[in-house]
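Values reported hereafter were calculated over all heavy atoms of this structure, with side chains retained and with hydrogens, waters and symmetry mates removed. By convention in this document, chain letters (A, B, ...) are assigned in the order of the sequence lines, proteins followed by strands, and residues within each chain are numbered from 1.
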Protein chains: 2
Amino acid sequence: MKLTELKAMQLAELFSALSDASRVRIISLLIEGEMSVSALADGLKMTESAVSHQLRGLRQMRLVRARKEGRQVFYTLDDDHVVKLYSMGLDHVEHG
Amino acid sequence: MKLTELKAMQLAELFSALSDASRVRIISLLIEGEMSVSALADGLKMTESAVSHQLRGLRQMRLVRARKEGRQVFYTLDDDHVVKLYSMGLDHVEHG
DNA sequence: TAAATATATGAACAAGTATTCATATATTAT
DNA sequence: ATAATATATGAATACTTGTTCATATATTTA
């Protein structure tokens, strides 16, 4: 399983995107379905600014996708890789 | 998928353990099999001290396990959750 | 056009983290 | 016992990161 330094960095970046409780909670909400920034902010009791900053990182890692509708922006999980990583992690934390 | 704040933190901690290129490379070496600290240090071109510090974190997250033999300590991956997380992440980075 | 709403972003600060260096502990060899 | 080897650890420093605050952009409403 030789790993180039580049891929090691990319992998680390990917996991970094999931390495914060706020972002994990964002993911867990988005698993239920699409949500706007303010709905996320409400649900997480965070400011919209903080949520927006976090969503930016998740977007850059292609973990979430944005869809603009009027002045709202709705976010969804980008693909089900994310769900799998999330639930495998949860599995390790709960049992394992 | 409601997530308690505690579990969100634990999940974030787990992903944090994989959120650094050095640690990812440690994991990728251990996928091949058991290795001593100095062998890891050689393979990664890091000091043994730095490797040891990183292994501590991986150990605390129960991602690796230590086995002492004489004055050497051999590390292995704790279970195959780790391998699954690793390869799913790699999958996302490479394709996805 | 002006005001209001939703989101995004830059700067700044606080908190966290990875590495280095020095030192400590444990084990083996002389 | 002393020296050498393998690993671990505490302190210090440099770097990274999350949040807040102020401001900017885009869209809708009056």
Asker: Are OP1 or OP2 of D:dT19 and a side-chain N or O of A:Ser22 less than 4.0 angstrom apart?
Answerer: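 For D:dT19, OP1/OP2 do have a side-chain N/O of A:Ser22 under 4.0 Å.
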
Asker: What is the separation between atom CE on A:Met9 and atom P on D:dT16, rounded to the nearest whole Å?
Answerer: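 So the CE-P distance, A:Met9 to D:dT16, works out to 11 Å.
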
Asker: For DNA chain C, what residues of residues 34-43 of chain A have any heavy atom nearer than 4.0 Å?
Answerer: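 Within residues 34-43 of chain A, the residues near DNA chain C are A:Ser36, A:Val37, A:Ser38.
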
Asker: In the single-linkage hydrophobic clustering (I, L, V, M, F, W, Y; side-chain heavy atoms under 4.5 Å), do B:Met46 and B:Leu29 co-cluster?
Answerer: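 Cluster IDs for B:Met46 and B:Leu29 match.
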
Asker: Let me have a per-nucleotide readout for nucleotides 21-27 of chain D, 5' to 3', with B, S or -, counting only protein heavy atoms under 4.0 Å.
Answerer: BB---SB

Asker: When you compare the side chain of B:Tyr75 with that of B:Arg59, does any pair of heavy atoms fall below 4.5 Å?
Answerer: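 The answer is yes; the side chains approach within 4.5 Å.
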
Asker: Can you tell me the distance, in whole Å, between the CD1 atom of A:Ile26 and the C1' atom of C:dT7?
Answerer: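 It is 14 Å, rounded to the nearest whole Å.
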
Asker: So does B:Leu3 get a backbone contact from the side chain of A:Ser28, meaning a donor-acceptor N/O pair under 3.5 Å?
Answerer: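 No; judged by distance alone, with no hydrogens or angles, the pair does not exist.
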
Asker: Rounded to whole Å, how long is the line connecting atom CE of A:Met46 with atom P of C:dA8?
Answerer: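 Atom-to-atom, A:Met46 to C:dA8, this comes out as 13 Å.
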
Asker: Write down the distance between CG (A:Leu44) and P (D:dT20), rounded to a whole number of angstrom.
Answerer: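 The distance from CG of A:Leu44 to P of D:dT20 comes to 12 Å, rounded to the nearest Å.
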
Asker: On the nucleotide C:dT9, are OP1 or OP2 found under 4.0 Å from the side-chain N or O atoms that A:Arg59 carries?
Answerer: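 Checking C:dT9 against A:Arg59, a side-chain N or O does come within under 4.0 Å of OP1 or OP2.
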
Asker: From CZ of B:Phe15 over to C1' of D:dT17, roughly how many Å is that when rounded to an integer?
Answerer: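 Answer to the nearest Å: 19 Å.
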
Asker: What is the distance, to the nearest angstrom, from the CG atom on A:Leu55 to the P atom on C:dT9?
Answerer: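 Spelled out: CG on A:Leu55 to P on C:dT9 is 11 Å.
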
Asker: If you group Ile, Leu, Val, Met, Phe, Trp and Tyr by side-chain heavy-atom gaps below 4.5 Å, do B:Met88 and B:Ile31 land in one group?
Answerer: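 Yes, B:Met88 and B:Ile31 fall within the same hydrophobic cluster.
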
Asker: Should B:His81 and A:Asp91 count as side-chain neighbours, where that means a heavy-atom distance under 4.5 Å?
Answerer: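 Touching, per the 4.5 Å side-chain cut-off.
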
Asker: For the residue pair A:Phe15 and B:Phe15, does the interplanar ring angle fall in the parallel (under 30°), tilted (30 to 60°) or perpendicular (over 60°) class?
Answerer: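 Because their plane-to-plane angle is under 30°, the rings of A:Phe15 and B:Phe15 count as parallel.
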
Asker: State which residues pass salt bridge (Lys or Arg N to Asp or Glu O under 4.0 Å) with A:Arg71; sequence neighbours excluded, sorted by chain then number.
Answerer: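 Once residues adjacent in sequence are excluded, A:Arg71 has no partner under the salt bridge (Lys or Arg N to Asp or Glu O under 4.0 Å) criterion.
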
Asker: For B:Glu48, which contact category applies under a 4.0 Å heavy-atom criterion: base, sugar-phosphate, or nothing?
Answerer: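 Counting heavy atoms under 4.0 Å across all strands, the contact made by B:Glu48 includes a base.
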
Asker: A:Gln72 has an atom CD; how far is it from atom P of C:dA8, in whole Å?
Answerer: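 A:Gln72 atom CD is separated from C:dA8 atom P by 11 Å.
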
Asker: Could you tell me the separation between the CZ atom of B:Arg25 and the P atom of C:dT19, rounded to a whole number of Å?
Answerer: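 For the pair B:Arg25 CZ and C:dT19 P, the rounded distance is 10 Å.
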
Asker: Students often get this wrong, so: under 4.0 angstrom with heavy atoms, is A:Tyr75 touching a base, only sugar-phosphate, or nothing?
Answerer: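 The residue A:Tyr75 makes sugar-phosphate contact but no base contact.
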
Asker: Say whether B:Leu63 and B:Met9 are linked into one hydrophobic cluster, either directly or through other cluster members, by side-chain heavy-atom distances under 4.5 angstrom.
Answerer: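 Different clusters.
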
Asker: Would you say the side-chain atoms of A:Asp20 pair up with the backbone N or O of A:Arg23, donor to acceptor, closer than 3.5 Å?
Answerer: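 At least one qualifying donor-acceptor pair exists.
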
Asker: Is there a side-chain polar atom (N or O) of A:Gln54 under 4.0 Å from OP1 or OP2 of D:dT19?
Answerer: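 Yes, within the criterion.
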
Asker: Compare side-chain N and O positions of A:Arg56 against OP1 and OP2 of C:dG10 and report whether any pair is under 4.0 Å apart.
Answerer: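 For C:dG10, OP1/OP2 do have a side-chain N/O of A:Arg56 under 4.0 Å.
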
